[in-house]
Amino acid sequence: MVFSSIPFLFFLFPLFLLLYLVLPWKNLCILAFSLVFYAWGEGIFVLLLLATTFVNFGIGKAIAGGSARWALPLGVAINLGILAYFKYAAFLIDEVLALDVFGSGGPHLPLGISFFIFQSITYLVDLQRREARPARSFSDLALYIAMFPQLIAGPIVRYATVAEAIADRQIDGKDVRRGASYFVVGLACKTLIADNAAKVADAAFAVDLSTVDAMTAWLGSLTYTLQIYFDFAGYSLMAIGLGRIMGFRFPQNFDHPYVSRSITEFWRRWHISLSTWFRDYLYIPLGGNRMGPARTYLHLFIVFLLCGLWHGAAWTFVAWGMFHGLLLVVERVGMGRVLGSAPRWLAHAYTLTCVVVGWVLFRSETFAQAGMFLRAMVGLGPESQRHFSELVSHESLSFACLGVLFSMPVGRWLRERYGPSMPASAIGPARFAAICCLFVLCSIYILAGTYSPFIYFRF
Amino acid sequence: MGSSTNGRGPREVRLSRAARAGLMGMVAVLSMPVITAPFSDGEERARMEKRELAAFPVWRGPLEAPNYFAAVGDYLDDHVGFAFAANRLLRQVMFYGFGDDPVDDVRAGTQGFVYLNDGIEALCAPETEDARSDELAGKIDRVFGWLEARGYRVSLGVAVTKPGLYPEHLPQKVSAGTRAACEAYAASPIRPRLEAGIEPSSGRVFHYPFAEFMQRRNERAFFPKENFHWNGMSTHVFARGLLEKMGVPVSAEFGAGAQRIEARADLVMMGFFRRIEVWDFPYAAQGLDYHPRNPEVVREYYERARGFSTWNSTDPLSDRSALLLTDSFGKPLARHLAPGFKKLVHVNLNHLQPREWKGFFTSFLDQLEFSDVIFLSHDSGLATTRMFDGIASIEVEDQGAASNTPQGGL
């Protein structure tokens with residue numbers, strides 16, 4: 001179930017809010033709803049979520065006890081083992097080892113497994129490092145791992161971030177207002193910009209490979225660049241908003257990554273919770289930058305190779321990760337200094353070009369497809385075979401333009417430019433009106449999305 | 001009750017009054033579509049979308065939970081309040097505001113023209129349809145022969161559709177090759193190949209007035225640009241020409257009293273209704289009487305029959321009776337042909353199943369007395385029509401039975 005669906009938005013979510021408001025057992029309410037939320041789409045695999053939580057709770061107790069040195073390695077191994085089985089078994093056995101055991105099948109991939117496994121590992125490692133106190137009860141840990149706002153798509157939250165709030169929190173009117181605003185803005189990012197960009201990207205990537213011309217390739221790659229950002233950032237913003245409504249403060253997960261002037265900066269702005277996870281739980285334990293330049297570069301490369309693999313069990317994801325790892329290494333070696341002294345627009349263009357090329361790899365189903373797109377983008381593809389309007393509607397174009405605009409920190413600029421001169425009494429109502437209009441627009445799109453006419457195949 | 005931030009004290013989650021008010025407001029707003037669901041017009045929606053809406057599923061145990069919840073989701077999608085209005089609003093904005101296709105299967109052309117995507121491709125496929133045309137002509141020839149052997153006069157009409165008639169309004173979204181093929185269609189429509197299968201000397205009638213339609217296409221309200229199907233003047237002109245070819249005397253007063261009226265466009269799949277201007281012909285002199293879903297005996301041979309009707313005329317142009325077998329283009333045409341006959345029965349064959357063919361084309365035809373059988377297909381549907389398969393298969397079966405019959409005496 002996704003937040004932008006009718007069952008969630010207009011049925012389960014208001015039902016949850018009502019129960020949350022009325023019932024005294026607020027944490028239990030969140031936990032129960034989170035399990036229903038997960039079971040809605042994944043059925044019996046909610047037991048996997050609970051079992052994982054139970055195992056981590058036990059191992060967490062052992063770690064917190066201080067005497068069991070085996071506890072953390074065992075816990076990490078179990079968590080990674082679960083992830084490896086469900087997500088990577090088919091890829092490792094069929095693709096890497098070329099044994100062709102699973103064919104087109106393989107274990108079912110439970111939704112959000114990459115996120116809740118990483119959160120579980122976070123919990124255990126933070127306990128070991130004494131950066132977090134152990135969960136007081138199984139239900140507390142279950143609440144942290146299974147909390148529905150960030151269960152499916154993050155952000156990856158540290159236990160210490162929410163531990164105090166789980167035990168004790170005050171929810172003010174500002175939390176509800178702010179949370180609702182984040183949710184609606186995130187909903188708009190997903191429903192209006194990402195979904196419209198997806199129509200173009202999907203159409204472009206679906207064309208016959210032999211007909212991929214420059215226009216198709218650029219349209220597909222640029223709209224996918226918008227799609228993936230607004231989809232992911234939108235969902236994160238919705239998660240942060242939902243958390244805020246319930247009294248939890250999740251960290252920001254995206255900070256306008258497309259304004260970056262280097263890939264290094266990009267990864268400080270893109271999926272921040274994941275990049276910090278890899279930094280804190282893989283890069284630094286490997287040695288980070290403390291073992292000389294050569295080892296630093298190797299660590300960076302390994303981290304991003306695994307980061308690519310984390311995104312999906314396919315060679316194209318691995319290649320995407322390696323591509324970014326390589327760029328980071330290059331920037332470390334010296335390119336970063338060049339970018340720092342280059343004109344802003346040039347550094348910006350370099351970064352965006354690298355990011356877009358990376359997304360072509362990420363989106364493509366095969367290297368052949370990625371190759372055709374990249375060749376066409378540099379003018380080595382066939383002559384143009386289709387009209388622009390065959391791929392892009394006016395609606396998609398309009399929202400794509402808005403996407404380009406809002407991929408920049410326009411809100412911040414507007415606040416800085418006009419905020420001081422606006423009367424304080426006008427800001428609140430203006431913001432409220434804007435949020436309401438945005439919500440109505442999103443609702444129209446979501447409700448209209450249920451239209452499913454049966455088209456006679458014969459007339 | 002005290003609070004604690006060190007995890008040792010009792011737990012507390014406190015909501016301020018403003019937070020409670022905010023949450024209540026959110027509950028009220030978010031639950032409105034589900035609360036208003038019982039008041040939404042499911043029948044109208046089902047009619048518009050031409051399908052049955054999802055029913056609430058039955059719980060079949062925990063192992064089937066994902067399927068159950070997915071079905072609940074489908075039920076909510078189909079019955080949620082405001083969906084109808086939201087859909088209508090959005091599609092209108094897409095069409096009138098953005099100038100885009102309101103749904104995937106409809107192409108928004110220039111100056112308000114709309115086309116069905118399938119219809120464009122089917123009519124204007126760049127590659128030739130020689131083999132199919134030959135096969136179709138042969139099939140038609142056998143069908144005509146089979147019916148004539150049973151004493152019927154047979155006619156074939158082919159309805160003109162918009163991609164060939166108004167190719168210049170096709171949108172840029174239609175590939176250049178297809179648009180060029182549509183523009184070239186007028187120079188070589190399918191007629192010659194079909195006529196090759198129909199012997200004019202036998203009295204068979206073939207009517208495809210593409211040239212006449214091209215001459216008259218720019219007359220006001222000739223062929224509603226907002227429609228998929230023809231209507232009004234285009235159907236009247238077609239009917240007049242067909243009746244004349246069939247030998248039905250058509251006077252100059254045929255169609256007198258016609259006037260332009262407002263009607264609803266037929267492409268309801270767009271998600272909203274458009275008003276169109278169309279010619280209305282009263283045929284007052286012929287005294288038409290319309291009976292939908294009649295004769296009921298149709299249902300005995302054609303289980304899923306929906307589009308069938310009987311037209312009676314008190315003062316017809318001839319004393320003949322006709323059976324009009326068509327695709328969806330038959331309904332707008334039927335009332336313009338009806339004045340030519342004392343009785344006209346129209347049946348839309350789109351949902352006739354192969355297992356029903358023999359019964360329908362033998363027993364049903366034998367039950368009702370017709371002098372004429374008229375087939376109608378639209379030109380973009382000819383390549384895939386199965387209208388003639390029923391009789392063609394019976395005819396082949398009869399031939400097969402005949403060839404198995406022992407020849408001569410013992």
Side-chain angles (χ1 to χ4, degrees), chain A residues 1 5-7 9-11 13-15 17-18 20-21 26-27 39-44 133 136 163-164 166-177 180 245 247 385-390 393-396 398 439 443-459, chain B residues 3-5 7 9 11-16 18-24 26-27 30-31 33-34 48-51 62-63 65-66 69 72-73 76-78 80 82-83 86-87 89-91 94 98-101 103 105 116 119 171-173 175-176 228 269 271 327-329 350 378 381 384:
Chain A
M1 182 167 29
S5 66
I6 285 177
L9 194 57
F10 299 118
F11 176 57
F13 184 44
L15 180 63
L17 287 178
L18 186 63
Y20 192 67
L21 192 59
K26 307 245 183 274
N27 286 347
W40 189 281
E42 294 300 308
I44 203 96
R133 299 174 72 91
R136 295 189 300 174
E164 281 194 29
I166 287 175
D168 180 63
R169 60 187 182 276
Q170 165 82 19
I171 305 171
D172 294 326
K174 186 177 177 181
D175 293 316
V176 174
R177 279 197 310 274
I245 289 170
Q385 306 220 3
R386 55 185 60 84
H387 193 268
F388 184 79
S389 61
E390 285 184 54
S393 66
H394 299 108
E395 180 197 19
S396 297
S398 303
F439 178 71
S443 298
I444 289 173
Y445 267 84
I446 292 168
L447 289 167
T450 65
Y451 184 59
S452 178
F454 175 64
I455 312 296
Y456 289 130
F457 67 96
R458 285 177 297 165
F459 289 93
Chain B
S3 65
S4 169
T5 57
R11 301 156 185 255
E12 262 196 72
V13 181
R14 298 173 300 283
L15 278 94
S16 70
R20 288 181 188 278
L23 290 176
M24 276 309 305
M26 286 179 69
V27 171
L30 291 173
S31 58
V34 171
M48 189 113 180
E49 297 188 29
K50 292 185 170 61
R51 63 178 180 91
L63 290 178
F69 288 129
V72 169
L76 288 169
D77 283 353
D78 276 359
V80 69
F82 303 120
N87 180 60
L89 176 63
L90 181 64
R91 310 254 165 234
M94 285 170 73
F98 287 111
D100 288 333
D101 304 337
V103 292
D105 294 284
L116 265 188
Q172 295 285 334
K173 190 168 186 172
S175 71
F228 171 59
M269 69 179 69
D327 54 21
S328 61
F329 277 70
N350 275 352
H378 64 293
T384 55

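Below, chain A is the first sequence line, B the second, and so on; all start at residue 1. Because the structure is predicted, anything quoted here is derived from the model rather than measured.
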Side chain to side chain contact (heavy atoms under 4.5 Å, CB included) assessment of A:Trp40 paired with B:Val72
CA-CA 10 Å; A:Trp40 189 281; B:Val72 169; 3.7 Å; yes
Please walk me through it: do B:Leu30 and A:Leu9 pass side chain to side chain contact (heavy atoms under 4.5 Å, CB included)?
CA-CA 7 Å; B:Leu30 291 173; A:Leu9 194 57; 4.3 Å; yes
Please evaluate residues B:Met24 and A:Leu17 with respect to the criterion side chain to side chain contact (heavy atoms under 4.5 Å, CB included), reporting the C-alpha separation (whole Å), side-chain torsions for both, the decisive distance (0.1 Å), and the verdict.
CA-CA 8 Å; B:Met24 276 309 305; A:Leu17 287 178; over 6 Å; no
Residues A:Tyr20, B:Val13; criterion side chain to side chain contact (heavy atoms under 4.5 Å, CB included); working and verdict
CA-CA 10 Å; A:Tyr20 192 67; B:Val13 181; 4.0 Å; yes
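Contact between A:Asp172 and B:Ser16 at its shortest, heavy atoms only, is CA-OG, 3.4 Å. Residues A:Ala448 and B:Arg91 approach most closely at O-NH2, 3.2 Å, considering heavy atoms. A pairwise comparison of heavy atoms in A:Ala39 and B:Phe69 identifies O-CD1, 3.6 Å as the closest pair.
Your options are B:Ala83, B:Ala18, B:Ala86, B:Pro171, and the one with the most heavy-atom pairs under 4.5 Å with chain A is B:Ala86. Chain B forms the most heavy-atom pairs under 4.5 Å with one residue out of A:Ser396, A:Ser443, A:Gly173, and that residue is A:Gly173. Across A:Ser5, A:Ala163, A:Gly43, the residue that shares the most heavy-atom pairs under 4.5 angstrom with chain B is A:Gly43. Of all the listed residues (B:Gly119, B:Ala176, B:Ser175), the one sharing the greatest number of non-hydrogen pairs under 4.5 Å with chain A is B:Ser175. Note: A:Leu18 leads A:Ile44, A:Asp175, A:Leu18, A:Ile446 in heavy-atom pairs under 4.5 Å with chain B. Interface check for chain B: of the options A:His394, A:Lys174, A:Lys26, the most heavy-atom pairs under 4.5 Å are formed by A:His394.
Contacts between A:Arg177 and chain B at a heavy-atom distance below 4.5 Å are absent for every atom of the residue. Interface residue A:Phe13: only side-chain heavy atoms are found under 4.5 Å from chain B. Proximity to chain A (any heavy atom under 4.5 Å) is restricted, for B:Val80, to the side chain, taken from C-beta onward. Only the side chain of A:Phe439 comes within less than 4.5 Å of a heavy atom in chain B; its backbone stays farther off. For a residue to count as touching a neighbouring chain, one of its non-hydrogen atoms must lie under 4.5 Å from one of that chain's; by this rule B:Leu89 touches chain A with the side chain only.
Expressed to the nearest 0.5 Å, how far CD of B:Gln172 lies from CD of A:Glu390 amounts to 9.0 Å.
Taking the side chain as every heavy atom from C-beta outward, B:Arg14 and A:Asp168 approach each other to under 4.5 Å.
A donor-acceptor pair is defined here as one N or O able to donate and one able to accept, closer than 3.5 Å; no such pair exists between the side chain of B:Asp100 and the backbone of A:Ser393.
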